[in-house]
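Here the structure comes first, spelled out in structure tokens, and everything after it is commentary.
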Number of protein chains: 2
Amino acid sequence: MAKAPTIRDVAARAGVSVATASNVANGNRPVGEASRKRVLAAIAELGYQVDRAASALRGASTRLVGMIVPDITNVFFASLIHGVEALAERDGYDLLLASTSEDEAIERRRLHALVGRRIDGLIAVPASDGSMASLAASGARLPPTVLVDRGAESPVFDTVRADCETGGYEAARHLIALGHRDLAMLAHSGHLQNMAERIAGCRRALGEAGLAGRERVVYGGHDLESLRGAIETELQRAGPPTAILALTNVCALAALKAARGLGLDIPGDVSIVGFDDFDWMLALRPYLTTVAQPVDDFAASAWALLMRRMAGDVASPVERILLPCALKVRESTGTARPRLEAFAEAQARA
Amino acid sequence: MAKAPTIRDVAARAGVSVATASNVANGNRPVGEASRKRVLAAIAELGYQVDRAASALRGASTRLVGMIVPDITNVFFASLIHGVEALAERDGYDLLLASTSEDEAIERRRLHALVGRRIDGLIAVPASDGSMASLAASGARLPPTVLVDRGAESPVFDTVRADCETGGYEAARHLIALGHRDLAMLAHSGHLQNMAERIAGCRRALGEAGLAGRERVVYGGHDLESLRGAIETELQRAGPPTAILALTNVCALAALKAARGLGLDIPGDVSIVGFDDFDWMLALRPYLTTVAQPVDDFAASAWALLMRRMAGDVASPVERILLPCALKVRESTGTARPRLEAFAEAQARA
DNA sequence: ATGAAAGCGCTAACAC
DNA sequence: GTGTTAGCGCTTTCAT
């Protein structure tokens, strides 16, 4: 690692002052054509690169954006990061990544670290709906921030999320139309608003069909194994559900695994509707009926919102972007059978 | 965002000099018990945080580590990032993330950006085996760097990777023991050494069984769809393979999808061995026989190596860590059937 | 349109 | 053990 050239080297080589060199490099002030060319040449020859640490110190932006998600390993969040990273690079920003493992204490720590880096902006999928707001209230010096997927009710942050209520509603309608009367919803936690909305949508559909109160909600945490255990228990009850509405892609995986473990046929014995739509689902047999969320649009909207704020727009009121979900009917849902019959058969097979 | 307290504020409040305050904050020099306590108190009261931009400028480390991967969306890389991020946070480093989409030009650009941030170290899964070496040769000022999964032959970088040759060997042995004589290997590219090693391992097994030259190698690029198309074509030939050795998790997905699309029974008509072992595979039916790579160990080893170099050890010779794979025999592999029979049956079903 | 110079917050060298 | 001070590389007034 030889010593990197500084702006002074550039200036010297171009025969101008550092101020001029700086102005060329950043385009902050107009520079005469002749000197501009010479500076540009010097920059190219030296392989000069602005030292962001120094410019940040001087008060300019760091061109650093923080991104914080619960779990990179979850395709949904990974895709989000992927989308944001591409946009960030396009606009000359770098991405500082942190993950929280769904833990608010870790989130606070990580966020503190990011803020200490003087990030220009932050895109976050918070560990809980209120965590960012309370962090901000407790005096954290947050940069412009947009919340994705969670914390949508926040009065202080721009937010982007899917229309979960309608997503849940349509999934339930689909199931009801197939004759299902006993639905189980599999969710991570009752404390997350997006989960609550999906459940609310489902209840609305049930209510409209005169089926209010027939549904069960199963909370299984964030871990795949515990989710599987939770829905398995539900499936083993007397009078089990004929259909499962899995409220995230991890829940869908858990539901599939549980049904399979119990020797249940899908959709013969249980229908399953999942959430999200990613490559790995393509190889699932049966091919999962699912409520797809427009992840790439999440990334694009979040980035656009963030850029606007980072550009200095503090005046506009908080914006809440709601993106539509799309029900993709595939192979994992079918007509409901009398549940006793299905149950007896499964027992016999086992 | 109120103005952040500086070390001068801390020093003033604690009634000591900035040097003392700095030494407490960084533990660089011993400080008397009494002043230390007062400084610590001041730091806590003010919510002071070291400004890394400033300390970096002064020559100290940025405590920033770069990580560059081909595709965050691939669970393998996502898991790697996950592991590294946890370790980095434990040791007080932050992670600057970049992805390359398997493109060397993008890689160069992203790397340039990271280096401009004065990262203390870099963990990279390069777009090609030689890209980092040539970057370094062409004068890029790379910090301590460890290469993971690719570029293992590099004479300049520490590397961590799986024992791909043995992995391929064992997978092929398994298949041969089941009576398979016509194997197809599905790989991304012939230019990647890890792919080549998996293929070499397979060939060794074939050779030992007196079956040299019976295998076919199919290259399908990095895209799922093109991989699927490539292996589908192979499956439709006269005299198709009775077993597929898919050399990455994406290849496995593609093979599964292709076989399924052709109406082939797995493992009745074709056996499939995949690579990697992640959650989403749990729901695959049949449950995939696979060569698992110890991703968490990749992360741990890479981090350990990097920390050693970042701590200033430039003397030790380049280290090459080779981690063992584990063959997990599950449901997607079975005894081979006479291929004509299988082919005819599939035709009939179609 | 250009230059000189101040100083961002910090650490390390040097005094004491 | 503690304090003083000189810059790190940059942007940005303020002059010219």
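Chain letters run A, B, ... following the sequence lines, proteins first, then strands; residues in each count from 1.
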(request) Kindly say whether Asn28(B) contributes a backbone atom to a donor-acceptor pair with the side chain of Asn23(B) at under 3.5 angstrom? (result) no
(message) Are Trp303(B) and Tyr93(B) an aromatic pair, judged by ring center distance below 6.0 Å?
(response) yes
(request) Could you tell me the separation between the CG atom of Asp9(A) and the C1' atom of dG9(D), rounded to a whole number of Å? (result) 10 Å
(request) Figure out the CG/C1' separation between Asn28(B) and dG1(D), and round it to whole Å. (result) 15 Å
(message) Between P on dA13(C) and CG on Asn26(B), what's the gap in Å once rounded to a whole number?
(response) 14 Å
(message) Output the rounded distance in Å from CD1 (Ile7(B)) to P (dT4(D)).
(response) 14 Å
(message) Check Arg110(B) with Asp94(A), please: is the shortest side-chain N to carboxylate O separation under 4.0 Å?
(response) yes
(message) Whether the side chain of Arg58(A) and the base of dG7(C) hold a donor-acceptor pair under 3.5 Å is what I'd like checked.
(response) yes
(message) The side chain of Leu57(A) is closest to which nucleotide in this list: dT12(D), dG9(D), dT11(C)?
(response) dG9(D)
(request) Compare side-chain N and O positions of Ser22(B) against OP1 and OP2 of dC10(C) and report whether any pair is under 4.0 Å apart. (result) no
(request) State which of dC8(D), dC10(C), dC10(D) makes the closest approach to the side chain of Asp51(A). (result) dC10(D)
(request) Provide, to the nearest angstrom, the distance between the CZ atom belonging to Arg118(A) and the P atom belonging to dC8(C). (result) 11 Å
(request) Mind calculating the distance between NZ (Lys37(B)) and P (dT2(D)) to the nearest angstrom? (result) 13 Å
(request) Measure the distance from CZ on Arg117(B) to P on dC10(D) and round it to the nearest whole Å. (result) 14 Å
Quick one: which protein N/O atoms are closer than 3.5 Å to N/O atoms of nucleotides 2-4 of chain C? Pair and distance per line, please.
residue : atom : partner  : partner atom : Å
dT2(C)  : OP1  : Ser35(A) : OG           : 2.5
dT2(C)  : OP2  : Gly32(A) : N            : 2.4
dT2(C)  : OP2  : Ser35(A) : OG           : 3.4
dG3(C)  : OP2  : Ser17(A) : N            : 2.6
dG3(C)  : OP2  : Ser17(A) : OG           : 3.1
dG3(C)  : OP2  : Thr20(A) : OG1          : 2.8
dG3(C)  : O6   : Arg29(A) : NH2          : 3.1

(message) Whether Asp313(A) and Arg308(A) form a salt bridge (side-chain N of Lys/Arg under 4.0 Å from carboxylate O of Asp/Glu) is what I want to check.
(response) yes
(message) What I want to find out is whether Glu102(A) reaches Arg150(A) closely enough, with some N-O distance under 4.0 Å, to be called a salt bridge.
(response) yes
(message) Looking only at the side chains, is there a donor atom on one of Ser131(B) and Glu104(B) sitting less than 3.5 Å from an acceptor on the other?
(response) no
(message) What I want to find out is whether Arg309(A) reaches Asp158(A) closely enough, with some N-O distance under 4.0 Å, to be called a salt bridge.
(response) yes
(request) Could you tell me the separation between the CZ atom of Arg8(A) and the C1' atom of dC10(D), rounded to a whole number of Å? (result) 8 Å
